[in-house]
K.L.:
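Below is a structure I'd like to ask you about.
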Amino acid sequence: MTDINLPFMYYVFFASIFGLIIGSFLNVVIHRIPRGESIVSPGSHCPACRNPIGAFDNIPLLSYVLLRGRCRNCNIRVSSVYPFVEAITALLFIAIILKSGPSWQAMLEMIFACVMLALVFIDARHHLLPNMITYPAFLFALAAATVLGGLGDWASGTIGISIVIPALELGISPLRAALIGGFLFALAAPGFWLLDRLDLVLFNKYFEWEEMNEEGERDEEAIESRYRLTIYGTMIAGLLVAAGWAFAVIYFSPNEPQAFDDAYKGLLGASGGALLGGGLIWWLRAVYFYIRGFEGMGLGDVKMMAIVGAFLGWRGTFGVLLLGSIIGVVVGSILAFRGKQGFKTPLPFGVCLGIASLIVLLIAKH
Ligand SMILES: [Zn+2]
């Protein structure tokens with residue numbers, strides 16, 4: 001493949017602009033999804049006076065500086081979280097470009113980083129990891145690992161699989177791979193749904209959206225319908241990905257046996273990583289619940305680690321769990337000493353896992 005060569009700084013510049021724009025969109029996601037609002041309409045408006053924000057007052061980072069962090073209409077202080085999210089997204093995108101170069105891998109790593117950022121900020125503010133993000137993100141992580149496997153860019157899963165699901169690696173025929181792979185994609189949403197159901201049986205606790213409204217008001221019907229929309233939406237997407245995978249296997253495997261083999265291993269490795277990451281947190285959580293009698297970690301943390309495990313593979317999972325626990329001890333101690341509840345202060349574990357995932361993503365070599 002011949003490629004034109006652009007100066008590397010061009011990509012770095014592009015990544016920073018792209019990061020600022022995506023970071024601005026992430027602010028909308030972080031602000032609206034936990035409140036059950038649409039991320040499309042209405043357009044940007046001041047949370048205090050509801051006045052629409054014009055295009056020139058909505059430039060990432062720059063507008064915040066020019067308006068000195070205030071709303072043009074009502075002069076109220078705009079939270080500094082907004083420019084912070086924009087800046088941190090841009091910095092992460094630059095770091096990913098520096099690490100992975102201009103590639104598909106960098107593109108997919110940027111999406112993964114956005115998922116982690118959204119979960120970190122929502123968990124910090126609301127102690128919540130919304131299904132509306134975790135369900136589709138899990139499907140994305142499985143598909144991304146498959147694509148990266150096929151491109152030969154990603155080797156994290158290949159070693160894991162021989163440990164986690166050794167039987168599947170023996171004698172791969174295209175038909176079997178099409179069926180098993182398709183089954184795994186189709187299972188992403190129902191798998192999470194089963195976790196939700198199991199929670200109801202084991203902990204007598206329904207899905208996390210019940211904590212959504214800050215004022216303590218609950219619109220059960222709206223919550224239920226959003227939950228259903230998330231499940232069905234992810235299920236349909238999963239079936240489409242499964243069909244695409246089966247088609248790709250039958251179409252590509254005769255000519256590109258190696259790429260097909262690597263893609264399939266990527267998917268199996270991702271499934272193994274998800275099982276490992278999600279499974280470990282799930283057991284920890286269950287044991288903690290039966291010993292202490294209350295939830296130390298939420299089901300959102302389990303789903304988050306399934307996503308991380310799928311994208312970063314089994315080694316990445318261990319790295320994130322170790323680093324996340326260390327960050328957890330530090331953050332937990334700070335919260336305990338600053339808060340009134342001492343060591344009973346709830347720790348947003350998703351924040352720690354998310355920060356750890358971003359660090360592992362950036363330092364991982366393949
Ligand atoms: Zn205002």
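Whatever order the structure lists them in is the order used to number ligands and atoms, beginning at 1.
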K.L.:
Does Y288 OH have over 12 foreign heavy atoms under 6.0 Å away?
P.N.:
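Atom OH in Y288 is crowded, with more than 12 foreign heavy atoms closer than 6.0 Å.
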
K.L.:
Can you list everything that forms a ring pair (Phe, Tyr, Trp, His ring centres under 6.0 Å) with F289? Sequence neighbours excluded, please.
P.N.:
F203

K.L.:
Once ring pair (Phe, Tyr, Trp, His ring centres under 6.0 Å) is applied, do any residues pair with F112, and if so which ones, sequence neighbours excluded?
P.N.:
F311

K.L.:
Going by the angle between their ring planes, with limits at 30° and 60°, are F93 and F18 parallel, tilted or perpendicular?
P.N.:
tilted

K.L.:
Does a salt bridge link R70 with D57, judged by any charged N lying under 4.0 Å from a carboxylate O?
P.N.:
no

K.L.:
Please report the number of protein N, O or S atoms that lie less than 2.8 Å from the Zn ion (ligand 1).
P.N.:
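If we list every protein N, O or S atom nearer than 2.8 Å to the Zn ion (ligand 1), we get 4.
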
K.L.:
Could you pull out all residues at least two apart from F25 that satisfy ring pair (Phe, Tyr, Trp, His ring centres under 6.0 Å)?
P.N.:
none

